[in-house]
Amino acid sequence: MKSYLFVAAILMGAFPALFSQDFNKYQLLVSEGRIPDQYLISSAKKYEKEIEAIHNEDVKKKEKKSKKQFALESNFGKTTCSRAAWCCSTTRFPNTSGRS
């Protein structure tokens with residue numbers, strides 16, 4: 001019985017939303033202004049810049065590895081490979097691990 005009341009409440013809330021749009025007064029969205037640079041720079045360029053900064057830091061090797069992994073995941077998303085994306089020959093990422 002409670003499930004019927006729940007479904008009825010959902011439907012009663014959904015129907016007015018379907019008819020609330022007035023397409024006779026509909027206007028398209030128009031963008032204005034300049035797009036910020038942070039959205040125009042490619043993820044690959046951001047990643048390369050972060051890797052350069054990491055190489056110039058004076059920190060332990062383990063911390064550098066952790067920072068490289070963070071830079072990779074923050075720019076391209078979580079990788080499925082345990083050794084990060086530059087170990088796979090099908091990717092375009094630079095080899096920053098020192099391995100061939």
Side-chain angles (χ1 to χ4, degrees):
M1 181 66 178
K2 288 183 181 181
S3 63
Y4 291 117
L5 291 175
F6 179 72
V7 171
I10 295 292
L11 291 176
M12 287 170 47
F15 280 125
L18 294 174
F19 300 107
S20 65
Q21 296 177 358
D22 184 9
F23 288 105
N24 294 327
K25 296 180 183 178
Y26 185 76
Q27 292 180 351
L28 294 174
L29 290 176
V30 179
S31 62
E32 294 179 356
R34 189 172 171 276
I35 299 173
D37 289 335
Q38 69 183 19
Y39 298 113
L40 297 175
I41 299 171
S42 71
S43 294
K45 294 280 186 197
K46 290 178 189 177
Y47 175 71
E48 288 174 7
K49 188 176 178 181
E50 286 182 43
I51 292 298
E52 270 185 44
I54 291 169
H55 279 295
N56 294 334
E57 289 180 1
D58 188 29
V59 294
K60 294 179 181 178
K61 186 176 180 180
K62 190 172 185 178
E63 189 175 343
K64 279 188 180 185
K65 183 179 177 182
S66 176
K67 286 184 177 191
K68 287 179 187 178
Q69 184 66 26
F70 177 78
L72 181 69
E73 290 180 12
S74 64
N75 284 297
F76 300 106
K78 183 115 173 97
T79 60
T80 56
C81 181
S82 63
R83 294 187 304 169
W86 55 77
C87 70
C88 304
S89 61
T90 58
T91 60
R92 299 178 315 192
F93 304 118
N95 184 354
T96 57
S97 65
R99 291 179 265 172
S100 310

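Computed from a predicted structure; not experimentally measured.
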Mind checking the [atom1]-[atom2] spacing from [X] to [Y]? Nearest 0.5 Å is all I need.
X     : Y     : atom1 : atom2 : answer
Ser74 : Gln69 : OG    : CD    : 10.0 Å
Lys45 : Lys49 : NZ    : NZ    : 11.5 Å
Ile51 : Lys64 : CD1   : NZ    : 10.5 Å
Phe76 : Lys46 : CZ    : NZ    : 10.0 Å

Exercise for the section: Spell out, as yes or no, whether a donor-acceptor pair under 3.5 Å connects the side chain of Lys68 to the backbone of His55. Expected result: no
Practice task
Specify the closest pair of heavy atoms between Asn75 and Ser43, including all atoms of both residues, with the distance to one decimal.
Solution key: O-OG, 3.4 Å
Problem - Pairing residues for Tyr39 by the ring pair (Phe, Tyr, Trp, His ring centres under 6.0 Å) criterion, not counting sequence neighbours - result: none
Exercise for the section: Look at atom CG of Leu40 and say whether more than 12 heavy atoms of other residues, nucleotides or ligands are closer to it than 6.0 Å. Expected result: yes
Exercise for the section: Determine which pairs satisfy salt bridge (charged side-chain N to carboxylate O under 4.0 Å, His left out) with at least one residue from residues 50-59, sequence neighbours left out, and list them in order. Expected result: Glu57-Lys67
